[in-house]
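In what follows, a single structure is set out as structure tokens and then discussed.
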Amino acid sequence: MQPFTTHTGTAAPLRRSAVDTDQIIPAEYLKRITRTGFEDGLFVAWRRNEPDFVLNQPQYAGASILVAGPDFGTGSSREHACWALLDGGFRVVISSRFADIFKNNSTKSGLLTVVLPQADVEALWAAVEADPATAVTVDLQARQVSYGEVTVPFEVDEYTRWRLLEGLDDVGLTERHLAEVEDYESRRPAWLPKALPALPA
Amino acid sequence: MPKTLAEKVYDAHVVRSAEGEPDLLYIDLHLVHEVTSPQAFDGLRAAGRTVRRPDLTMATEDHNVPTLDVLAPIADPVSRAQVEALRANAAEFGIRLAPMGDRDQGIVHVIGPQLGLTQPGMTIVCGDSHTSTHGAFGALAFGIGTSEVEHVLATQTLPQYRPKQMAVTVEGRLPEGVSAKDVILAVIARIGTNGAAGHVIEYRGSAIEALSMEARMTICNMSIEAGARAGLIAPDQTTFDFLQGRPHAPQGADWDAAVAHWRTLRTDEGAVFDTEVVLDAAELTPFVTWGTNPGQGLPIGGSVPDPAAMTDENERRAAEQALAYMGLTPGTPLREIEVDTVFLGSCTNGRIEDLRTAAELLRGRRIDAHTRMLVVPGSVGVKLQAEAEGLDRVFTEAGAEWRGAGCSMCLGMNPDQLQPGERSASTSNRNFQGRQGKGGRTHLVSPSVAAATALTGRLTAPADLQSADLTSAGA
Ligand code: SF4
């Protein structure tokens, strides 16, 4: 996973709430078996059908920070939604509330999800609509978002922050505790099911 | 300290817990399908890792599978490659696979319970958000992303943070024609599409206890549509009766030991929930959605809402965007909305009981001449059972199409899709824009509303049929 420390870029205001992962990337793009190359599916229906969709506006074409309405990433667990955002040039999504699985997936794929109060999201929307070239800095080290004269702190749990700063993947971390896993396994009841083919009755 | 059911199951699976770190949770069953697994297997290969517990892992093909000519090679090369990748990965890593044509094949959330692999008190994960379905058995079951799939394959564990606890209590008796689907749509309309974020929901109360296992699965299935991490229901005699004799259920002395344990899986008196929601079953009516998320639903007697009357800015904007997409005008009675297609199936409502309910309404009648109805059993097991009961004939004689098992038009990764602008009444779980095909418009409904709608061509409650003038196909 690519480490995340601090990022400065321009931001795109996505004034929509409950953006589900089917909108971020529709199912037809999920047939691929690669982990990259999903940018063509990113918000594809809105990009094709809505000329004034924010990412169709040239002033936001180079944005790397997405500022979305509440409840971003609801619905399907597809991690492809995070990959599509990363492939589409985004490093950060800011919203007042994320769906759990999306947020979880983001921390595994190196996309930073930042929760800000809705009032701060509205202020950021207003700022980048007034001046799309506004430079926005998201500093994970200092846990703050800043642009112009404004600095807003955000919360992130210490463990997730450390993993993202170091770019660590979970499997390697868990493998340090395999002895405890084995110990747990030795205590599991024998009647728990196995997925192996059942013998004919 | 008194604990909730979810806390009991969670605590029993903590392998390791350390200050300032997520807990490491043991996973009893890992279900795998073709869409969210290829990159995880690639990750294992790249790191030279193996699957730690192939015996606790089961794979099937469901999302991409065609529902016609299921034994022919998949026509779409990209879908075919994905299914072939799963077959190669299952063979390489020693995982049991139920491929197309196998009698155990089906939607991943239908086959787990059907095989008896889903049991009370287990932790179950799958790279699929509707894994919450398995919570109907009192399991802690939740959807994960592909990185987590890789983590579970490699270690049989998952780092987790303790979820918050929500109780949804439904007391009383459901009126005639009102089903589990209506209950869960009403819950989601009440709390919103992300209203249970961070929570596990326990569904309880006399109305829940009275439900069959199939109906409980319908409710738990859509927990994710309220944003919950998982949803579960305490196991009881209904659960045990469902499981007994299934291929993977414990037998003999093991069965007795298991049931003795399962009986302890109840929320303790005095356990505290972070959030509580209460519904009166007697007040519920058939529910349908009008918008583009599952929270935008109303009783079928209602009308398309007017965004202008909404005070919350985000809600108003979302409703405007939804109505524009759905091609609906505020004030239109929901019962006047005409549909082109009715889809009966999915992991929400593709089980035998759902098919029986719909068939009962269709028996001896013909569906509307301008409406097509697709009936897609959730698994080969459900399909065979339905055919043994003659339900396939009821559907085809009514003019519906009887198909092979899979996800099908729930998400249209196979050829079963809506055309742009087409409108469906669907027993699936998501009415998102384009979910059932580009430009398709979805109204979520229960199986009985789906059948009634197929007969009239407009959104219809089963109770409306008695008064309606319907031509009988029979003598
Ligand atoms: S039926 Fe629909 S919701 Fe269920 S697993 Fe398949 S695609 Fe997902």
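Using a distance-only test at 3.5 Å, with no hydrogens or angles considered, no donor-acceptor pair links the side chain of A/D71 to the main chain of B/N194.
Contacts of B/D42 with chain A are made by side-chain atoms alone, with heavy-atom separations under 4.5 Å and no backbone atom involved. Both the backbone and the side chain of B/S79 come within less than 4.5 Å of a heavy atom of chain A. For B/I224, the part lying near chain A is the side chain, with the backbone staying farther off; criterion is any non-hydrogen pair under 4.5 Å. If you measure heavy-atom distances from A/F102 to chain B, you find no contacts under 4.5 Å at all. Contacts between B/R435 and chain A at a heavy-atom distance below 4.5 Å involve backbone atoms as well as side-chain atoms. A/N104 touches chain B through its side chain: at least one heavy atom from C-beta onward sits under 4.5 Å away, while N, CA, C and O do not. Using a 4.5 Å cut-off between heavy atoms, B/A47 makes no contact with chain A at all. Using a 4.5 Å cut-off between heavy atoms, B/E21 touches chain A through backbone and side chain atoms alike. The contact between A/N105 and chain B is made entirely by side chain atoms (from C-beta outward), counting heavy-atom distances below 4.5 Å. Heavy-atom distances place the side chain of B/L24, and not its backbone, under 4.5 Å from chain A. Proximity to chain A (any heavy atom under 4.5 Å) is shown, for B/V83, by neither the backbone nor the side chain. Interface remark: B/Q433 contributes backbone and side-chain atoms alike to the contact with chain A (heavy atom separation under 4.5 Å).
Under 4.0 Å is where a charged nitrogen must lie from a carboxylate oxygen, and between B/D28 and A/R188 at least one such pair does. Using a cut-off of 4.0 Å between Lys/Arg side-chain N and Asp/Glu carboxylate O, A/K31 and B/D76 are scored as salt-bridged. The pair A/E185-B/R52 counts as a salt bridge, with a side-chain nitrogen and a carboxylate oxygen less than 4.0 angstrom apart.
Options A/T160, A/T34, A/L178, A/T74 differ in how many heavy-atom pairs under 4.5 Å they form with chain B, and the most are formed by A/T34. The residue among A/H80, A/R48, A/Q118, A/R187 with the most heavy atom pairs within less than 4.5 Å of chain B is A/H80. Between chain A and the residues B/A154, B/P22, B/G20, the largest count of heavy-atom pairs under 4.5 Å involves B/P22. Of the listed residues (A/A27, A/A18, A/S77), the one with the most heavy-atom contacts under 4.5 Å to chain B is A/S77. For the set B/E315, B/E148, B/M58, the count of heavy-atom pairs under 4.5 angstrom toward chain A peaks at B/E148. Of the listed residues A/P26, A/A99, A/G75, the one with more heavy-atom pairs under 4.5 angstrom with chain B than any other is A/G75. Contact count against chain A (heavy-atom pairs under 4.5 Å) is highest for B/D55 among B/V35, B/D55, B/D254. Your options are A/R16, A/R78, A/K103, A/E158, and the one with the most heavy-atom pairs under 4.5 Å with chain B is A/R16. Between chain A and the residues B/A85, B/A257, B/A318, B/G434, the largest count of heavy-atom pairs under 4.5 Å involves B/A257. For chain B, the option among A/V181, A/D183, A/D169 with the highest count of heavy-atom pairs below 4.5 Å is A/V181. Between chain A and the options B/Q119, B/E225, B/M122, the largest number of non-hydrogen pairs under 4.5 Å is found for B/Q119. Between chain A and the residues B/P250, B/A197, B/G295, the largest count of heavy-atom pairs under 4.5 Å involves B/A197.
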>> With side chain to side chain contact (heavy atoms under 4.5 Å, CB included) as the criterion, how do A/W83 and B/T146 come out once you've worked through the C-alpha distance, each side chain's angles and the decisive distance to 0.1 Å?
In response: CA-CA 11 Å; A/W83 304 337; B/T146 296; 3.8 Å; yes

>> Evaluate B/M413 against A/E28 for side chain to side chain contact (heavy atoms under 4.5 Å, CB included), listing each step before the verdict.
In response: CA-CA 6 Å; B/M413 276 184 90; A/E28 61 173 303; over 6 Å; no

> Step by step, would you call B/T155 with A/V171 a side chain to side chain contact (heavy atoms under 4.5 Å, CB included)?
Replying inline: CA-CA 7 Å; B/T155 69; A/V171 181; 4.2 Å; yes

>> Determine whether B/V15 and A/H177 satisfy the following criterion, side chain to side chain contact (heavy atoms under 4.5 Å, CB included), listing intermediate values before the conclusion.
In response: CA-CA 9 Å; B/V15 169; A/H177 307 298; over 6 Å; no

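Between A/Y159 atom OH and B/Y161 atom OH the span is 7.0 Å, to the nearest 0.5 Å. A/S76 OG to B/N429 CG: the interatomic distance, rounded to the nearest 0.5 Å, is 10.0 Å. From B/Q321, atom CD reaches atom CZ of A/R15 across 11.5 Å, with rounding to the nearest 0.5 Å. Between B/N314 atom CG and A/S96 atom OG the span is 7.5 Å, to the nearest 0.5 Å. Note: B/I144 CD1 to A/I101 CD1 = 9.0 Å, rounded to the nearest 0.5 Å. Rounding to the nearest 0.5 angstrom, the gap separating the CG atom in A/D20 from the CG atom in B/N431 is 9.0 Å.
Shortest non-hydrogen contact noted between B/Q82 and A/R32 is NE2-O, 3.5 Å. When every heavy atom of B/Q39 is checked against every heavy atom of A/I33, the shortest pair comes out as NE2-C, 3.6 Å.
Ring planes of B/H13 and A/Y184: tilted class, angle from 30 to 60°.
The shortest side-chain heavy-atom distance between A/T174 and B/H151 falls under the 4.5 Å cut-off. A 4.5 Å side-chain heavy-atom check between B/R96 and A/P197 finds at least one atom pair inside the cut-off.
Judged by distance alone, the side chains of B/S147 and A/E79 do bring a donor and an acceptor atom under 3.5 Å apart.
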